[in-house]
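Have a look at the structure below before the remarks.
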Amino acid sequence: MAENAFRAPRGTRDRFPEDLVLLRHLERTARRLARNYGYGEIRPPLFEETRLFTRSLGEASDVVEKEMFTVARRGEGEEEGAGWTFRPEGTAGVARAYVQGGFAARAPLQKWFYLGPMFRYERPQKGRERQFTQFGVEAFGSASPLLDAEVVDLCVRFFQALGLGEALEVRVNTMGDPADRERWRRALRAFFEPRLGGRCADCRSRFERNVFRLLDCKVEACRRDNESAPALREHLGEESAGHHRRFLEALQALGLRAEEDPGIVRGLDYYTRSVFEVHYPPLGARSALCGGGRYDGLVEEVGGPPTPGVGFAIGFTPLELALQELGLPPQEDLRDLQEELRPQVYVVAITGGERLPALRLASRLRAEEGLRTALDAREKSPRAQFKEAGRSGARFAVVLGPEEHAACRAVVRDLQGGEEVPVGLEALGSWLRERLGA
RNA sequence: GUGGGCGUAGCUCAGGGGCUAGAGCACCAGAUUGUGGCUCUGGGGGUCGGGGGUUCGAAUCCCCUCGCCCACCCCA
């Protein structure tokens, strides 16, 4: 390759027909499950005002601090947050659309899903890309813990539909409501302030901005220090505690084994009460396939009336890795998508005189008979055409030579068995469709 | 942002100072001028990532640089 040739931007990749088979299967599985659970598709824009993300995700979140693909607003000054940012996650844009669409007043309960690319300006590595596909669902307008459980159920069923089942772990926690968190925040600040000297630089800088982040510090000394820190559950109000209890009950009723994990503290500011992750442990440090939870303050945060909400997001990049590792999904689930890549019929022109009739015949088979029909695009020899026909995976070669053309028929060769029969052009389409079961 | 590994044909890789840089796969053509998958024969394709240096001579040694991958951080 010439050294001045263009390359795809770092952290992105080209998806070619063959590897789109798996992605398309993931997409259709997601759509099917979402539809069965009553979620309708929503497609907000791929970019939003930068302010939307800084507001909803939190100034101190890693995503906002260093992972945003931001475009400056033209002409005007560079005041903070004045530009646009390619969405690093889906929830903020969907919440904004909910508010802008006026749903809070006219139809507050809305269950939506989205499917599409997200963008984060990170250093790429295995299972992490700068552009990646996410499937997410968001349900607005209900504070019921049963809905939290239903969302977890949908998520698990999605993975099960792909063949992942036994290997999955559901981990849940509660983040409390704003009042709980305020009590907890004060307790944490009181706890950490005298100990800051022994903490890492990250912790010291995060102490002021977001004291909760000290809890998921990965520095060994800080982690030990965290063991004696006050726990949220000690500060949970009656309502939050009840919500969590009923969430767990509902999970149990659904037959979902969930592990309580106080270490789950979603990195984005908007979460309240229920939070959960679905893990595939063999993936190690990157085992989280799904993250989600309740965000009762988010709609208000982006300018709407107080409206509860709950949802999750699944990144397809780590999911594809997990599936690959397990040899999933089963081949037969992908067969129809793979077959779509192959022609059913290959039209061969023997001499130059049949090129145009072959082109016309192929057009007819494609458009009028609905058959995936291939035709030599390079004006090659008959031998090379048969070779290509065999390689293409087509079942039949339709051969047009001078004699056939003169007699208004074609010779149809079965590329699996090898036998040949003459078929009149009039009847060719139905003849082929019958044998292809099309 | 920090640390590590690797860059030779479209792909996977050999070659680690000396002839015109190789193999397998893939691609193209022919053997078979109207018939594929197998086989055989031939062919196209490389500024050895880029720049500089050492040397009579560099893909090979040294320096710089770029790119990719992996790990940490964080997350999907």
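A note on names: the letters A, B, ... follow the listed sequences, proteins ahead of strands, and every chain is numbered from 1. Model, not experiment: these values are computed from the prediction.
Taking atom C1' on both B:U32 and B:C6, the two are 47 Å apart, rounded to the nearest angstrom. Nucleotides B:U55 and B:U65 have their C1' atoms positioned 23 Å apart, rounded to a whole Å. For B:G7 and B:G43, the C1' atoms lie 29 Å apart once the distance is rounded to whole Å. Nucleotides B:C56 and B:G67 have their P atoms positioned 35 Å apart, rounded to a whole Å. Rounded to whole Å, the separation between the C1' atoms of B:G50 and B:C40 comes to 42 Å. Here, B:C38 and B:A9 have their P atoms 26 Å apart, quoted to the whole Å. Here, B:G17 and B:C62 have their C1' atoms 13 Å apart, quoted to the whole Å. The C1' atoms of B:U60 and B:C48 are separated by 10 Å, rounded to the nearest whole Å.
Inspection of the A:Glu138 and A:Tyr295 side chains reveals an N or O donor paired with an N or O acceptor under 3.5 Å. Side-chain N/O atoms of A:Tyr346 and A:Glu388 include a donor and acceptor closer than 3.5 Å.
The nearest whole Å value for the distance from the CD1 atom in A:Ile264 to the C1' atom in B:A76 is 14 Å. The NZ atom of A:Lys380 sits 12 Å away from the C1' atom of B:G36 (whole-angstrom rounding). Summarising the geometry, the separation between CE on A:Met118 and C1' on B:C74 is reported as 18 Å, rounded to the nearest angstrom. Whole-Å rounding puts the A:His279 NE2 to B:C74 C1' distance at 13 Å. The distance from atom CD of A:Glu67 to atom P of B:C74 is 11 Å, rounded to the nearest whole Å. Between the CG atom of A:Asp62 and the C1' atom of B:U2 there is a distance of 15 Å, rounded to whole Å. If you take CZ of A:Phe53 and C1' of B:C75, they are 16 Å apart, rounded to a whole angstrom. Computed from coordinates, the A:Gln131 CD to B:A76 C1' distance equals 14 Å when rounded to whole Å.
The listed nucleotides are B:C68, B:G36, B:A76; the one nearest the side chain of A:Arg120 is B:A76. Between B:G67, B:C28, B:G1, one nucleotide has an atom nearer to the side chain of A:Arg123 than all others, and that is B:G1. Checking B:G36, B:A76, B:G34 against every side-chain atom of A:Arg413, the shortest atom distance belongs to B:G36. Of all nucleotides listed (B:C28, B:G34, B:C74), B:C28 comes nearest to the side chain of A:Arg378.
Judged as a side chain to side chain donor-acceptor pair (under 3.5 Å), and not counting sequence neighbours, the contacts of A:Asp180 are A:Arg183, A:Ser240. Contacts of A:Glu332 classified as side-chain contact (heavy atoms from CB on, under 4.5 Å), with partners at least two apart in sequence or in another chain: A:Pro330, A:Arg335. Residues forming a salt bridge (charged side-chain N to carboxylate O under 4.0 Å, His left out) with A:Asp19 (at least two apart in sequence, or on another chain): A:Arg15. For A:Arg35, the salt bridge (charged side-chain N to carboxylate O under 4.0 Å, His left out) test picks out no residue, with sequence neighbours left out. Here A:Arg185 pairs with A:Glu182 under the salt bridge (charged side-chain N to carboxylate O under 4.0 Å, His left out) rule; sequence neighbours left out. For A:Arg189, the salt bridge (charged side-chain N to carboxylate O under 4.0 Å, His left out) partners two or more places apart in sequence, or in a different chain, are A:Glu208.
Comparing A:Pro9 and A:Thr351 along RNA chain B, the residue whose closest nucleotide (by nearest heavy atom) sits nearer the 5' end is A:Thr351.
Paired regions of RNA chain B, where each region holds three or more successive Watson-Crick or G-U pairs whose two hydrogen-bonding distances fall under 3.5 Å, are B:1-7 with B:66-72, B:10-13 with B:22-25, B:27-31 with B:39-43, B:49-53 with B:61-65.
Annotation: ring-ring contact (aromatic ring centres under 6.0 Å, His included) contacts involving residues 393-415 of chain A, sequence neighbours excluded, comprise A:Phe396-A:Trp431.
The base of B:A76 lies close enough to the side chain of A:Glu122 for a donor and an acceptor atom to sit less than 3.5 Å apart. Taking only distance into account, the side chain of A:Arg128 meets the base of B:C74 through a donor-acceptor pair shorter than 3.5 Å.
Within 4.0 Å (heavy atoms only), A:Glu129 reaches at least one base atom of the nucleic acid. At the heavy-atom level, A:Gly418 lies under 4.0 Å from base atoms of the strands shown. Heavy atoms of A:Glu404 sit under 4.0 angstrom from at least one base atom.
In summary, A:Arg96 and A:Glu49 do not engage in a salt bridge, as defined by a charged side-chain N under 4.0 Å from a carboxylate O.
Taking the six-membered ring for Trp and thresholds of 30 and 60 degrees, A:Phe69 and A:Tyr121 have nearly parallel ring planes, at less than 30 degrees apart.
Here CZ of A:Phe247 is found 5.5 Å from CG of A:Asp148. Values are rounded to the nearest 0.5 Å.
B:G16: glycosidic angle within 90° of 0, hence syn.
Taking only side-chain nitrogens and oxygens, A:Lys66 never comes nearer than 4.0 Å to OP1 or OP2 of B:G1. For A:Gln125, a side-chain nitrogen or oxygen approaches OP1 or OP2 of B:A71 to under 4.0 Å.
Contacts between residues 382-400 of chain A and RNA chain B, counted as heavy-atom distances below 4.0 Å, involve A:Arg383, A:Phe386, A:Lys387, A:Gly390, A:Arg391, A:Val399.
Remark: ring of A:Phe316 not stacked against base of B:A76; the cut-offs of centroid gap under 5.5 Å and plane tilt under 30° are not jointly satisfied.
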